[in-house]
Protein chains: 2
Amino acid sequence: MAGFYQFYPNVVTLIGSRHGDKTNLMPAVWQTGVSKNPMVYVVSISQKRFTHGLIKASGVFSANFVDFKYVKTIARLGSCSGRDIDKIKEFGVELGQHKQLDVPIVKFAYASFECSVQEIIPSGDHDLFVGRIASVHEAGGIKDGSETIDCNAVRPLLYLGKDTYITVDTGSIVTIRR
Amino acid sequence: MAGFYQFYPNVVTLIGSRHGDKTNLMPAVWQTGVSKNPMVYVVSISQKRFTHGLIKASGVFSANFVDFKYVKTIARLGSCSGRDIDKIKEFGVELGQHKQLDVPIVKFAYASFECSVQEIIPSGDHDLFVGRIASVHEAGGIKDGSETIDCNAVRPLLYLGKDTYITVDTGSIVTIRR
């Protein structure tokens, strides 16, 4: 049946994982925040992915939010597996310092979450990783002072399906007070 | 701790629910597809919402995807509760015919999912409704023939937080083959 991708576009995040001497980054699109207090974030990851095993073993992961200008790097990070190559070295991704959990923090990201896995829920051809957000990183100047992202400062990277990406139209922004 | 809303923007969906003589629509942003085969979709809904009780009672819901041009209607639908008023009547929302599940299908939506609840997972201040997609509705001409949404035909409605909405920049579309 066609039509599943009607829920697109969704923001692309780089999911970071680390276990033993392996560190990996994987773009993921099937993700969202699900609770504000406590802060909970979920991401759906195929059992086939290298990242799946790393997170299952370590119990922690990062979610890194990136600007549209990095679209080529993100696409390349999604075109290969951490089983075969060390993506961090291969693509020269600089990592920053984590705060509370031992997870890779992508320096070029405008924001990152450090998450600890609360639950793994089988859901069809993927597993849903429910992560408690332990810590948040954010680059300076990305927020407009009212808790929303300033899309004139950063342009979130969105995925449309079939290797196609898009970003937001800052000219369309509208606020409708209740 | 600040920073939770860094995962925005996310698509706004109208979640449709029906139980007994009550039919309701609620905008929801904390949602994503999580499995393609079978098709599974999740949405996070506060226990406080009228919709929460209706879906819990009926075991089914719809997710309706809408164009940015309806932003005012969506904002108004989010500014009141189905406990107090019949939103369908109040806002003159036309409903279409459902296919397999008894859920409200929003006629002005460019796509709709009919979902049956597989599981309800408590996650912080919300519950995560895991829905098996039983049927998909789509308006003509919204896809470009390659399973992606044609953003020149419809402009998905995205939420940025704090009553602020945005849509996509069709000029930014880029395809990067692997």
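Every chain is numbered from 1 and lettered A, B, ... according to where its sequence line falls, protein lines coming before strand lines.
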Chain B contact via A:I173 - side chain, backbone, both or neither, heavy atoms under 4.5 Å = both
Where does A:L158 contact chain B at under 4.5 Å (heavy atoms): side chain, backbone, both or neither?
-> side chain
Quick one: of B:V40, B:L128, B:I176, who has the most non-hydrogen atom pairs under 4.5 Å with chain A?
-> B:I176
Closest heavy-atom pair, A:S35 versus B:G124, reported as atoms and distance to 0.1 Å, is OG-CA, 3.4 Å
Report the option among A:S79, A:A75, A:G33 that has the most heavy-atom pairs separated by less than 4.5 Å from atoms of chain B.
-> A:G33
A:K48, NZ: over 12 other non-hydrogen atoms inside 6.0 angstrom = no
Region of A:D125 in contact with chain B, defined by heavy-atom distances below 4.5 Å = both
Group every Ile, Leu, Val, Met, Phe, Trp and Tyr by side-chain heavy-atom contacts under 4.5 Å, then state whether A:F129 and A:I105 land in the same group.
-> no
Mind listing the closest non-hydrogen atom pair of B:E138 and A:Q6 along with its distance?
-> OE1-NE2, 2.5 Å
Plane angle bin for B:F4 and A:F113 - parallel if under 30°, tilted between 30 and 60°, otherwise perpendicular = parallel
Indicate yes or no: at least one non-hydrogen side-chain atom of A:W30 is less than 4.5 angstrom from one of B:V42.
-> no
Given side chains that start at C-beta, do those of A:E119 and B:I121 come closer than 4.5 Å, heavy atoms only?
-> yes
Would you mind telling me which of B:S112, B:S123, B:A111, B:A63 has the largest number of heavy-atom pairs within less than 4.5 Å of chain A?
-> B:S123
Under a 4.5 Å heavy-atom cut-off, does chain B meet the side chain of A:Y165, its backbone, both or neither?
-> both
B:V60 with B:M26, same ILVMFWY side-chain cluster at under 4.5 Å = no
Is the number of heavy atoms from other residues, nucleotides or ligands within 6.0 Å of NZ (B:K72) greater than 12?
-> no
Given that the side chain runs from C-beta out, which part of B:P9 has a heavy atom under 4.5 Å from chain A: side chain, backbone, both or neither?
-> both
Cluster overlap B:F50 with B:V43, hydrophobic side-chain contacts below 4.5 Å = no
Just by modelled atom types, is the A:G161 backbone N or O under 3.5 Å from a matching donor or acceptor in the B:T148 side chain?
-> no
Please report the C-alpha distance between B:T32 and A:N10 in whole Å, then the side-chain angles of each, then the deciding distance to 0.1 Å, and finally whether the side-chain hydrogen bond (donor to acceptor under 3.5 Å, both in side chains) criterion is met.
-> CA-CA 8 Å; B:T32 180; A:N10 243 25; 3.2 Å; yes
Where A:G78 and B:R178 come nearest, the two heavy atoms and their spacing = O-NH1, 3.1 Å
Contact part of B:C80 toward chain A, heavy-atom cut-off under 4.5 Å: side chain, backbone, both or neither?
-> neither
Look up atom CZ in A:F65 and atom CZ in B:F7, then write down how far apart they are to the nearest 0.5 Å.
-> 8.0 Å
Would you mind telling me which of A:T175, A:D127, A:T170, A:D163 has the largest number of heavy-atom pairs within less than 4.5 Å of chain B?
-> A:D163
Just wondering, are more than 12 heavy atoms of other shown residues or ligands nearer than 6.0 Å to CZ in B:R49?
-> no
Cluster question for you: counting only ILVMFWY and a side-chain heavy-atom cut-off of under 4.5 Å, with indirect links fine, are A:V103 and A:V66 together?
-> no
Say whether A:F68 and A:Y110 are linked into one hydrophobic cluster, either directly or through other cluster members, by side-chain heavy-atom distances under 4.5 angstrom.
-> yes
Show your working on side chain to side chain contact (heavy atoms under 4.5 Å, CB included) between A:T164 and B:V174 and close with a plain yes or no.
-> CA-CA 6 Å; A:T164 301; B:V174 59; over 6 Å; no
Starting from the C-alpha separation in whole Å, work towards a yes-or-no answer on side chain to side chain contact (heavy atoms under 4.5 Å, CB included) for B:T167 and A:V168.
-> CA-CA 6 Å; B:T167 189; A:V168 293; over 6 Å; no
Answer whether the closest heavy-atom distance between the side chains of B:V34 and A:H126 falls below 4.5 Å.
-> no
Under 4.5 Å from any heavy atom of chain A - which part of B:V29 = backbone
